[in-house]
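A quick note: this is a predicted structure, and the numbers were derived from the prediction, not measured. To find a chain, count down the sequence lines: A is the first, B the second, and so on, and within it residues start at 1.
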Protein chains: 2
Amino acid sequence: MNRIAASERRERLVDAAIAVMVRDGVSAATTRAIVAEADMPLGSFHYCFRSKEELLGEVIAVITGHTLERALSEVAGGGALEERLCRAMRAYWQHVVDEPGEHRLTYELTQYAARQPGLAVVAERQYETYLAANTRLIEALTGDDGERLEWSVPVPVLARYVTAALDGVTLLYLNEGNATAAGEALELVARHVAELAGRA
Amino acid sequence: MNRIAASERRERLVDAAIAVMVRDGVSAATTRAIVAEADMPLGSFHYCFRSKEELLGEVIAVITGHTLERALSEVAGGGALEERLCRAMRAYWQHVVDEPGEHRLTYELTQYAARQPGLAVVAERQYETYLAANTRLIEALTGDDGERLEWSVPVPVLARYVTAALDGVTLLYLNEGNATAAGEALELVARHVAELAGRA
DNA sequence: GTCTATAGGAAGATAGAC
DNA sequence: GTCTATCTTCCTATAGAC
C-alpha cells in the first residue's frame with residue numbers, strides 16, 4: 001500500500017466501516033475489522049484518524065447524507081400534490097426495501113452516538129437535519145405549483161408526524177420483515193397527509 | 001451474601017442489568033457492571049445464568065412485559081371510542097415521558113437481539129407481541145360497547161399503522177427531546193385513527 | 001507515510017478452595 | 001452454594017524501525 005494520500009485512505013476506511021457495520025452491526029466494527037475490510041494494516045488506522053470516535057463522526061455524516069440525497073431529489077417534478085407525494089414516498093420506500101441494512105444502520109448509529117459523550121451532539125444534529133429535510137419536503141409539496149394549498153395543521157407538526165411515521169414504518173419493516181404489510185401502513189400515512197392538504 | 005435462593009438471585013441480577021442498561025446503555029452492561037449494581041461478587045453470575053445471553057433473554061422478556069401491561073390495562077373502561085382511544089394514547093404517552101430510559105432501552109434491546117444469533121428469535125417474537133397487543137387494543141375499541149363500528153381499513157393494516165406511529169413518535173421524542181412537539185404529532189395520529197372508525 | 005510488534009486494559013468465562 | 005483468583009481472548013492505541 002504505497003503512498004496513498006491520507007484523505008483517500010480516510011475515505012476508504014469510512015466506506016469499509018460502513019460495509020462492516022451494515023453486514024455485522026456497529027459493535028462488530030472494531031478497528032481490526034475495519035482495516036481488514038479495507039485491506040490495510042492495523043497501524044494505518046491511527047495516522048488517518050485520531051481515534052475511533054473521529055471515524056464514527058464521519059461515518060454518521062456520510063450515511064445521513066445518503067438518506068437525505070435520495071429523499072430530496074424526488075420531491076421535485078410536476079403533477080398534482082397527491083402524485084408528487086406518492087412519488088416521494090415510493091422513492092423513500094424503494095430505498096428502504098433495496099437497502100434495509102443501511103437503514104438499520106442509521107438507527108443503530110443514532111443510538112450509539114446518543115450514548116457516546118463525545119458524539120451526543122452529532123446525534124442531536126442528525127435528527128434536526130431529518131426534521132429540516134421533511135419540512136422542506138412538505139413546503140415543496142405546496143409551494144412549487146399553481147395550486148394554492150394550505151395545510152390544515154401547522155407545518156412543524158406535520159413535519160414531525162411525517163418524520164415519525166416514516167421512521168416507525170421503516171422500523172416495522174426492519175423488525176417484522178414483511179415489506180407488503182409495512183407498505184400498506186405507509187400508504188395509510190400517505191393518504192392521511194394528502195387529506196391534511198386542503199385547497200385554499 | 002449467605003444462601004440466597006438461586007431464583008431470587010436471578011431476579012436481582014435481571015433488575016440490576018435493567019438498571020445499568022437504562023442508565024448507561026446496553027453495551028455498558030458488562031457482567032462486572034451488573035454484579036456490581038446488584039452488590040454481588042463476579043463469580044455469582046455464572047451459577048445463576050449459563051451465559052450472558054441467557055440473562056439478556058430474560059431482560060427482554062421482563063421489559064416487554066412492563067410496556068404491554070401498562071398499554072393494555074388502559075384499554076378497558078367506559079366511554080365513546082374517541083374517549084377510550086384518547087385515554088389509551090395518553091396513558092402510553094405518560095409512560096414514555098415518565099420513563100424515557102426504559103423505552104430507549106426497548107429499542108436498543110431489539111437491535112441488540114436482532115444482531116445476536118442466539119437472540120434473533122427473541123427479537124422477532126418481541127415485535128410479534130407488540131403487533132398482537134395493538135391488534136387487541138383496536139379490537140377492544142370497537143368490540144366492547146353498544147356502538148356498532150367498522151374500521152374503514154382492515155384491522156391488520158391499522159394495527160401496523162398504530163404500532164409504527166407509536167414507535168415513530170416515541171423515537172422522535174427520545175431523539176429530539178421535545179415532549180410538546182412529539183405530543184402534537186401523537187394527537188394527529190389519534191385523530192386519524194378516530195376518523196378511520198366509521199359508524200356502521 | 002507506512003508498517004510490525006506490543007503495550008495496557010477490559011471483556012466473558014472458569015477453577016478450585018471453602 | 002459462594003467467592004477469589006485467574007485464564008483466555010479481544011479491544012484501542014502507541015512505539016519505533018524503515
Asks: May I ask you to evaluate whether A:Ser44 reaches the phosphate of C:dC3, defined as a side-chain N or O under 4.0 Å from OP1 or OP2?
Replies: no
Asks: Hydrophobic clusters here meaning ILVMFWY residues chained together by side-chain heavy-atom distances under 4.5 Å, can you tell me if B:Tyr112 and B:Val20 are in one?
Replies: no
Asks: Please tell me whether A:Val62 and A:Val26 are part of a single hydrophobic cluster in this structure, the criterion being side-chain heavy atoms less than 4.5 Å apart.
Replies: yes
Asks: Where do A:Leu166 and A:Leu186 land on the side chain to side chain contact (heavy atoms under 4.5 Å, CB included) test, with the steps shown first?
Replies: CA-CA 7 Å; A:Leu166 290 182; A:Leu186 185 62; 3.7 Å; yes
Asks: Identify whether the distance between the nearest side-chain nitrogen and carboxylate oxygen of A:Glu37 and A:Arg12 falls below 4.0 Å.
Replies: no
Asks: Starting at atom CG of B:Leu13, determine the distance to atom P of C:dG12, rounded to an integer number of angstrom.
Replies: 13 Å
Asks: How many Å lie between CG on B:Leu56 and C1' on C:dG12, as a whole number?
Replies: 12 Å
Asks: Would you say D:dT2 has OP1 or OP2 under 4.0 Å from some side-chain N or O of B:Arg9?
Replies: yes
Asks: Considering all heavy atoms of both residues, which atom of A:Ala182 and which atom of A:Trp93 are nearest to each other, and what is their separation?
Replies: CB-CH2, 3.6 Å
Asks: Please state how far atom CZ in B:Arg10 lies from atom P in D:dT2, giving the value in whole angstrom units.
Replies: 14 Å
Asks: Take the angle between the ring planes of A:Tyr130 and A:Tyr127 and call it parallel below 30°, perpendicular above 60°, tilted in between.
Replies: perpendicular
Asks: Any chance the side chains of B:His95 and B:His103 put a donor and an acceptor closer than 3.5 Å?
Replies: yes
Asks: Rounded off to whole Å, could you give me the CG-to-P distance for the B:Asp24 and C:dA10 pair?
Replies: 15 Å
Asks: What protein N or O atoms touch nucleotides 16-18 of chain D N or O atoms at under 3.5 angstrom, if any, and at what distances?
Replies:
none

Asks: For nucleotides 5-7 of chain D, which of its nitrogen or oxygen atoms have a protein nitrogen or oxygen under 3.5 Å away, and what is each distance?
Replies:
none

Asks: Specify the residues of residues 45-54 of chain B, ordered by number, for which at least one heavy atom lies under 4.0 angstrom from an atom of DNA chain C.
Replies: B:His46, B:Ser51, B:Lys52
Asks: Choose from C:dA11, D:dC3, D:dT2 the nucleotide whose nearest atom is closest to any side-chain atom of B:Ile4.
Replies: D:dT2
Asks: Tell me whether the rings of B:His192 and B:Tyr161 are parallel (<30°), tilted (30 to 60°) or perpendicular (>60°).
Replies: perpendicular
Asks: Within a reach of under 6.0 Å around CZ of A:Arg23, are more than 12 heavy atoms found that belong to other residues, nucleotides or ligands?
Replies: yes
Asks: Salt bridge between A:Arg160 and B:Glu176, side-chain N to carboxylate O under 4.0 Å?
Replies: yes
Asks: Which atoms form the tightest heavy-atom contact between B:Val59 and B:Met21, and what is the distance?
Replies: CG1-SD, 4.0 Å
Asks: Whole angstroms only, please: what is the CD-C1' distance between B:Glu8 and D:dT2?
Replies: 16 Å
